[in-house]
Amino acid sequence: MFSFNQYFFSYNIPLVLCFVLGLCSDVPRPRGVSLSKAPLYSPSKDFTCLDGSATIPFTQVNDDYCDCFDGSDEPGTAACINGIFHCTNAGHKPQNIPSSRVNDGICDCCDGSDEYAHPTVTCANICDELGREARAEAQRKMELVKLGSQIRADLIQKGNKRRSDMANQLKQLEKDKAEAESMVSEKENIKNDAESVENDALRVYREADELDRAAKAAEEDKANRQEANDIFKKFDSDENGLITLSEIQTRSAFDKDKNGEVSEDEAKYFLAENTEVDLDIFVSEAWPLIKPFLMIEQGIFKPPVNAAVGDLNGDKTDGEAPDAEFVDQDNEHEIDEQDEEHETEEPEDESTTPSPYDEETQKLVDAATDARKQHTDAERVVREIDNNIKNIKDSLEKDYGPQQEFATLDGQCLEYEDKEYIYKLCVFGRATQKAKNGGAEINLGSWGEWQGTDTNPYQNMKYLQGTSCWNGPNRNTRVNIQCGLETKITSVNEPFRCEYVFEMITPAACDENQLTHSVEHDEL
Ligand code: MAN
């Protein structure tokens, strides 16, 4: 069992040190209580828990029994699970640790005060040594920040210039856009006029073309009728001016199911469900059904590979030719294929292709083509300007730090290689990863937002919505930023699957004000 004094008193610094170093921590206070809280622990009064929840006799402070909800009555023992033990750590930084770590056999405080009564473990006071190291490190950091802040000043200047340049560029682009848009409407008017003249000039050709097509169609129709007439005569064996089912049944070409005879039903199909037809009905209704089968018989029409003959005609009552390939009668060259070849052929050189138009019309067509091109070009210029405007606006909306110190980093791409991957960070753009043994570049996230503390909101960057992780969320990256004399990535880790952490140094983060902040923070 420990004595009251053992729990109660903090260590005493010899009086000489107290005066010389000003480390007068021998203000009587219970063990584990900081100097600033000492007035709240007055031995002459009852103790009120710091959360105000209870008041207890002062003798119950540090009596190894937890009385207060907030654990404030046991700062120097492990009795409360939520107590706080304060180590003074003279010579280094004071520290607050959970009081549950008091006398647990592990040295937490550099002055060893947290293990004051452990039966086997004694902790050496290493605060002076640690303090020296910490001060040297702080000194090194301060010098680095000082040096870096000169570069930072330059970055600030460049950043501000970049921003004002962009603002000017934006103004100029907006002017350019207005001009480019009026150019588009001017070109559109010219194009419309040229097209209207072109249209008039081409009308003559179109009409001639239509006439030509109509004449060709009429010719084909005539030839078809003639052919139908001839076949009618041939089939009308009794020459009574009618084709009957029995006349059809004598022709093996109509044996659709290829069973060796033309049934009545088969014959009926070819007469368009009539029992007999005169020449007119034959030409208009029966001939379209008969013709493909005669072509097959003559070898002009080839059924598609694997298609049963029945499929060819089965339900077709509309006279459409079955879906099949036509073959050239003479050399069996496939016409379809030939057509396709024609379609994919390179267009002939214009200079060698004779114009289908007269000289005057050709001039008008050329003028309209040129006007169309100029209009498309003018539209493209507007699109390009719009694109530039959007990029500049996006940049102007980005937060480059309170003094624009990060602005010049926008667009800079930094690489880092480890054993397996090449990582790349295009600042304010995208973070990527590429395996050294090949494979595609993987997106680790696009610029999202700053993340930091209240005192330094520009300490971390977040890059979000990268390629989705197999069976998991989208990849994302945090970039921790520290002061350094150059801008580079110093390490990359993946502490959790598909969550990446880049360590980056840059003079843009060498802010002397931040140094004061962190010193203040340490002192708290
Ligand atoms: C790839 C890389 C790794 C990642 C795995 C997740 O191999 O992007 O960084 O952990 O995919 O499947």
Between the side chains of [X] and [Y], is a donor N or O closer than 3.5 angstrom to an acceptor N or O?
X      : Y      : result
Thr361 : Asp358 : yes
Arg475 : Tyr500 : yes
Gln362 : Asp366 : yes

Report the residues that fulfil side chain to side chain donor-acceptor pair (under 3.5 Å) with [X], sequence neighbours left out, ordered by chain and then residue number.
X      : value
Lys233 : none
Glu195 : Arg372
Lys462 : Asn476
Gln169 : none

(request) Could you check Arg203 against Asp200 for salt bridge (Lys or Arg N to Asp or Glu O under 4.0 Å), going step by step and ending with a plain yes or no? (result) CA-CA 5 Å; Arg203 185 169 299 130; Asp200 288 346; 3.5 Å; yes

Minimal non-hydrogen separation, [X] against [Y], with atom names:
X      : Y      : result
Met166 : Ser395 : SD-CB, 3.6 Å
Gln459 : Gly452 : CB-CA, 4.2 Å
Pro457 : Asp454 : CD-O, 4.0 Å
Cys498 : Glu494 : N-OE2, 2.7 Å
Gln403 : Asn160 : O-ND2, 3.5 Å
Cys510 : Gly148 : CB-C, 3.5 Å

Whether over 12 other heavy atoms sit under 6.0 Å from [X] [atom1]:
X      : atom1 : result
Lys436 : NZ    : yes
Ile81  : CD1   : no
Glu137 : CD    : yes
Gln172 : CD    : yes

(request) Sort and list the pairs that fulfil ring pair (Phe, Tyr, Trp, His ring centres under 6.0 Å) and have at least one residue in residues 176-212, not counting sequence neighbours. (result)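 Passing the test, one end in residues 176-212: Tyr205-Tyr357.
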
(message) Going by ring pair (Phe, Tyr, Trp, His ring centres under 6.0 Å), name the pairs with one or both residues in residues 141-177, residues two or more places apart or in two chains.
(response)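 Applying ring pair (Phe, Tyr, Trp, His ring centres under 6.0 Å) to every pair that reaches into residues 141-177, excluding sequence neighbours, yields nothing.
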
Could you list the donor-acceptor pairs under 3.5 angstrom formed by side chains in residues 211-226, with sequence neighbours left out?
residue : atom : partner : partner atom : Å
Asn224  : OD1  : Trp287  : NE1          : 2.7
Gln226  : NE2  : Asp230  : OD1          : 3.0

(request) Begin from the C-alpha positions of Ile84 and Ile97 and carry the test side chain to side chain contact (heavy atoms under 4.5 Å, CB included) through to its verdict. (result) CA-CA 6 Å; Ile84 303 283; Ile97 62 166; over 6 Å; no

(request) Kindly determine whether Glu227 and Lys291 satisfy side chain to side chain contact (heavy atoms under 4.5 Å, CB included), including the steps that lead there. (result) CA-CA 9 Å; Glu227 198 183 349; Lys291 186 172 176 175; 3.6 Å; yes

(message) Test of understanding: with ring-ring contact (aromatic ring centres under 6.0 Å, His included), list the residues that count as partners of Phe232, not counting sequence neighbours.
(response)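 In terms of ring-ring contact (aromatic ring centres under 6.0 Å, His included), with neighbours along the sequence ignored, Phe232 is linked to Phe282.
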
(message) When you measure from the side chain of Asn456 to the backbone of Tyr458, do you find a donor-acceptor pair of N or O atoms at a distance under 3.5 Å?
(response)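 Flag set: sc Asn456 to bb Tyr458 pair under 3.5 Å.
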
(message) Between Asp255 (side chain only) and Gly260 (backbone N and O only), is there a donor and an acceptor less than 3.5 Å apart?
(response)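 Present.
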
(request) Please name all residues satisfying side-chain contact (heavy atoms from CB on, under 4.5 Å) with Asn168, sequence neighbours left out, ordered by chain then number. (result)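 Listed in chain order: Lys171.
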
Residues 420-433, side-chain donor-acceptor partners within the protein, below 3.5 Å, at least two apart:
residue : atom : partner : partner atom : Å
Tyr423  : OH   : Gln433  : NE2          : 3.3

(message) Please report the interatomic distance OG(Ser185) to NZ(Lys191), rounded to the nearest 0.5 Å.
(response)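 Going from the OG atom of Ser185 to the NZ atom of Lys191 covers 12.5 Å.
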
Give every donor-acceptor pair under 3.5 Å between a side-chain atom in residues 480-489 and any protein atom, sequence neighbours left out.
residue : atom : partner : partner atom : Å
Asn480  : OD1  : Asn460  : ND2          : 2.6
Asn480  : OD1  : Arg478  : NE           : 2.9
Asn480  : ND2  : Glu503  : OE2          : 2.9
Thr487  : OG1  : Thr506  : OG1          : 2.9

(request) Begin with the C-alpha distance, continue with both residues' side-chain angles, and end with the deciding distance and a verdict on ring-ring contact (aromatic ring centres under 6.0 Å, His included) for Phe293 and Phe270. (result) CA-CA 10 Å; Phe293 283 79; Phe270 291 102; 5.0 Å; yes

(request) Mind jotting down which residue pairs meet the salt bridge (charged side-chain N to carboxylate O under 4.0 Å, His left out) criterion with at least one end in residues 396-405? Sequence neighbours excluded, please. (result)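 Every salt bridge (charged side-chain N to carboxylate O under 4.0 Å, His left out) pair that includes a residue of residues 396-405, provided the two are not neighbours, is Arg152-Glu405, Lys398-Asp410.
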
